[in-house]
Amino acid sequence: MPERVHIRFDGEPITSKPAPVSTAPRQFQQGKKRKLDDRIDRAPEARTKPFYDPPSHVKTQNGTQTNGHQTNGTQANGTRLNSTHINSSKTKASPVTRDASEPKGKPASGPLAKKRQELLPIRQALPIWAHASDIRQALRGPHKDVLLLVGETGSGKSTQVPQFLLSEPWCTGQIAITQPRRVAAISLARRVADEMGSTLGSSSPGSKVGYSVRFDQSVSPSTRIKFLTEGMLLQEMLRDPWLKQYSVVVVDEVHERSVNVDLVLGFLRNIVTGDKKGRGGKPLKVVVMSATADIEGLQRFFEDGYRLSSQHSSSNGTTAATNGTEDSESSWSGISSSSEDEAPKSITPRKELSNGVEPKNGSPAASISQCHIEGRQYPVKTMYLPEPTQDFVEAALKSIFQIHYKEPVPGDILVFLTGQDTVEGLEKLVKEYVLGMGPEVPKIITLPLFAALPQHLQQRVFAPAPPKTRKVILSTNIAETSVTVPGVRFVVDCGKAKIKQFRNRLGLDSLLVKPISQSAAIQRQGRAGREAPGQCYRLYTEKDYNTLGKNTTPEILRCDLSAALLVMKARGIDDVLNFPFLSRPPHEALEKALLQLLQLGALTEAGEISDIGRTIAKLPLTPTLGRCLVEAAKPERGCLTEMIDIIAALSVENVFLNLVTEEKREEAEAARRTLYRREGDHMTFLATVQGYAEEKSDRKAWTERHYVSHRAMQNVMDIRKQLRGLCGQLSLPIADIEKSSEELTTSILHSLLRGFAANTARLMPDGSYRTLSGNQTIAIHPSSVLFGKKVEAIVFSESVFTSRSYARGVSAVRLDWVAGVLAGTDG
DNA sequence: GAGCACTGC
């Protein structure tokens with residue numbers, strides 16, 4: 001989750017006038033006993049029969065810790081919150097010394113310095129502050145290159161760790177710190193610049209802090225700390241596999257386990273455990289930061305790397321830098337290492353293990369340090385349903401009103417649901433019930449929240465509730481990590497989410513409602529305790545909670561791996577099957593992805609990356625879309641500009657606005673008629689992008705006239721510009737041969753077919769479509785302009801299984817074209 | 001007749 005700015009946790013009360021139910025943070029800092037239960041007892045009686053059982057054992061799921069005082073809370077994952085410990089035989093936890101991250105030299109002056117001075121006490125109050133010295137010690141000295149750091153929400157790790165390391169003697173290069181999301185990278189960079197009394201990024205040549213995200217890079221010649229997205233770091237590795245400009249890479253939010261973070265960790269392990277020739281002998285330090293305490297998987301992951309590297313260098317002197325060869329399942333989700341017996345036997349227990357390597361060739365042992373930092377989270381009381389429910393929307397409705405009648409305002413309710421449909425369904429029900437509330441009851445405003453909701457409607461959740469009013473936010477998973485809603489004291493968790501899963505056999509994604517993991521449930525619960533003690537109402541039984549998986553299955557085990565494998569191949573990993581995966585995908589998935597890359601011509605028969613593959617790897621696109629682009633640039637196709645427009649539209653969500661009412665929908669259909677093309681969605685996207693681009697006077701008005709999303713079109717234009725620039729650099733030619741519109745359309749569709757040969761289907765006599773590769777029934781998605789139309793064959797750029805198999809992004813093609821593409825798929 | 005959430009020189 002993004003580390004929010006911690007202004008509210010500086011030890012001052014959140015509000016100047018304490019609300020009746022709020023417990024000011026200072027009280028916690030003074031270690032006063034929580035009054036949570038008293039408060040509940042004093043609360044007005046619920047008007048309905050109590051709906052919930054308190055949990056049978058632990059009532060408080062989150063410990064609260066501030067100022068280093070230990071409360072008797074139990075940490076979210078059930079382990080004890082202990083004081084910080086760094087495990088390293090060479091690292092004795094030393095007393096906190098003066099912070100060396102403070103700039104040396106002349107005394108500061110000016111507004112930037114003033115800001116830095118103002119922020120200093122806030123930084124010093126962060127839980128991580130007291131451990132600055134420990135963190136520095138853990139990486140000081142040779143062969144102390146890896147630090148695993150658990151820092152819970154509010155510990156301050158994302159902002160402080162890079163500043164702690166800045167003045168270390170070994171830190172002569174830049175510090176990279178990766179984030180899963182662009183907004184987090186930018187806002188953290190801004191915060192750290194303020195804390196250091198520096199300008200941000202490219203605003204002045206002397207600025208010390210910068211960031212790098214897609215479409216937005218802001219660094220200066222003096223940049224020392226650089227926040228960047230995981231994808232950007234991978235992109236930088238294409239140019240510099242050894243990351244020579246960096247002394248340390250801090251990998252943040254690892255617990256989210258994006259595909260990119262798994263790839264980053266694999267590459268970093270290779271660098272850190274390999275020889276240092278590629279880096280001119282200089283070591284790279286790696287800090288891996290996670291919000292969940294389960295870092296044993298990471299410990300094993302790096303241990304295995306060191307062990308293999310020492311085996312390599314002692315046996316044949318080769319480096320493990322580009323090729324990890326461990327067989328063990330170093331799985332994050334707790335699958336134990338299968339090569340346990342190879343681990344150093346002398347060292348037990350693992351907690352005190354500091355040496356990942358038993359030196360086999362006389363080299364000093366490398367050490368992996370661990371550090372645990374307590375968070376700043378208020379306790380959250382958790383309630384379960386006594387009996388399972390079939391209808392979580394109805395159960396949520398009951399819970400909302402039970403809370404509303406029982407608990408005083410302020411205190412907003414955040415409800416986690418599965419999707420737009422359940423959000424809108426529950427919104428309707430709540431609004432109906434609100435009509436029946438008496439005038440003496442506080443008001444309710446319902447606020448839906450999901451990604452497809454227009455931005456200005458999403459913004460409404462950030463406005464505080466008016467007096468005597470309670471906000472009820474009905475949200476998808478977007479509020480679990482991406483959006484932090486202020487004011488929430490009550491969470492209602494349906495225990496489910498829509499999860500995307502790639503089916504190797506069918507080659508299509510499924511998007512189904514599945515139970516969430518315990519860690520996701522804890523994450524949702526934590527959303528109630530960010531500003532004050534809170535409550536979490538789980539719409540399932542405690543027994544059901546205990547049967548949930550501990551962690552969410554990492555994305556790399558759930559997705560199409562072709563993009564990930566191409567990333568590896570392009571960065572010099574020849575043997576991708578033996579890449580050091582933190583969680584190793586099944587062999588079948590890897591083979592399937594290799595086969596797909598071969599069919600795209602991105603790999604040679606020998607499995608080496610081809611020129612086409614190298615080109616595709618440099619594009620910010622999936623391999624399939626990249627292949628379409630390369631095809632469109634061929635002289636005989638000559639439709640690169642058009643393909644760029646289409647791909648740009650395919651790369652954003654919701655070019656066409658979703659309309660709520662039937663009436664609006666009909667209006668939109670009529671308005672868009674000029675954009676629709678009978679050839680299908682891709683030509684329709686082309687007409688839309690071209691129409692928008694040709695509008696020179698008022699593009700916003702153009703989008704409104706055509707019921708097109710202005711925001712989406714702005715993104716399209718960014719991507720279009722980026723792709724045009726890249727095509728120039730990669731010498732992909734823009735054709736200047738005149739073509740008839742029919743010839744152009746044919747070229748475009750052929751280029752699409754080259755990338756999406758596997759995504760083709762033919763019309764059956766019964767009117768359904770069946771894929772040519774697997775003879776699977778697939779239906780044209782209702783959002784397609786070809787919905788309800790019958791054409792002899794289709795090509796589609798996306799497919800997903802929800803209630804049935806749907807093709808999205810559909811174009812009509814001739815069956816003999818499809819047959820031709822399937823027959824010969826050479827480069 | 002339907003759209004979990006992120007992300008990329």
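Side-chain atoms are counted along with the backbone in the values below, which use heavy atoms only and exclude waters and symmetry mates. Lettering follows sequence order; numbering is per chain, from 1.
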Between [options], spot the one nearest the side chain of [X], thanks.
X: A:F787; options: B:dG1, B:dC4, B:dG8; result: B:dG1
X: A:I478; options: B:dT7, B:dG3, B:dA5; result: B:dA5
X: A:Y806; options: B:dA5, B:dG1, B:dG8; result: B:dG1
X: A:R182; options: B:dG8, B:dA2, B:dC6; result: B:dG8
X: A:S783; options: B:dC9, B:dA2, B:dC4; result: B:dA2
X: A:L726; options: B:dC9, B:dG8, B:dA5; result: B:dC9
X: A:H781; options: B:dC4, B:dG8, B:dA2; result: B:dA2
X: A:M232; options: B:dA2, B:dC9, B:dG3; result: B:dC9

| request: Select from A:N477 and A:A617 the residue whose nearest nucleotide in DNA chain B is closer to the 5' end of that strand. | output: A:N477
| task | Using heavy atoms to find the nearest nucleotide of DNA chain B for A:Q729 and A:R665 separately, return the residue whose nucleotide is more 5′. | result | A:R665
Classify the nucleic acid contact of [X] as base, sugar-phosphate or nothing, counting any heavy atom under 4.0 Å across all strands shown.
X: A:L234; answer: nothing
X: A:V259; answer: nothing
X: A:S258; answer: nothing
X: A:Q722; answer: sugar-phosphate
X: A:A451; answer: sugar-phosphate
X: A:I499; answer: nothing

With the threshold set at 4.0 Å, does a side-chain nitrogen-carboxylate oxygen contact exist between [X] and [Y]?
X: A:E669; Y: A:R665; value: no
X: A:D216; Y: A:R182; value: no
X: A:E256; Y: A:R181; value: yes
X: A:R720; Y: A:D645; value: yes

Round to the nearest Å and state the distance from [X] atom [atom1] to [N] atom [atom2].
X: A:E669; N: B:dG1; atom1: CD; atom2: C1'; result: 12 Å
X: A:L474; N: B:dC4; atom1: CG; atom2: P; result: 15 Å
X: A:I780; N: B:dA2; atom1: CD1; atom2: P; result: 14 Å
X: A:L449; N: B:dC4; atom1: CG; atom2: P; result: 13 Å
X: A:K498; N: B:dG3; atom1: NZ; atom2: P; result: 6 Å
X: A:I616; N: B:dC9; atom1: CD1; atom2: P; result: 17 Å
X: A:F801; N: B:dA2; atom1: CZ; atom2: P; result: 13 Å
X: A:F450; N: B:dG3; atom1: CZ; atom2: C1'; result: 9 Å

| Parallel, tilted or perpendicular: ring planes of A:Y676 versus A:F656, cut at 30 and 60 degrees | perpendicular
| task | Describe, in one word, how the ring planes of A:Y806 and A:H781 are oriented to each other, choosing from parallel (under 30°), tilted (30 to 60°) and perpendicular (over 60°). | result | perpendicular
So, is [X] near the phosphate of [N], with a side-chain N or O under 4.0 Å from OP1 or OP2?
X: A:T481; N: B:dA5; answer: no
X: A:T802; N: B:dG3; answer: yes
X: A:S482; N: B:dA5; answer: no

| request: Step by step, work out the side chain to side chain donor-acceptor pair (under 3.5 Å) result for A:S797 and A:H682. | output: CA-CA 9 Å; A:S797 43; A:H682 302 108; 3.0 Å; yes
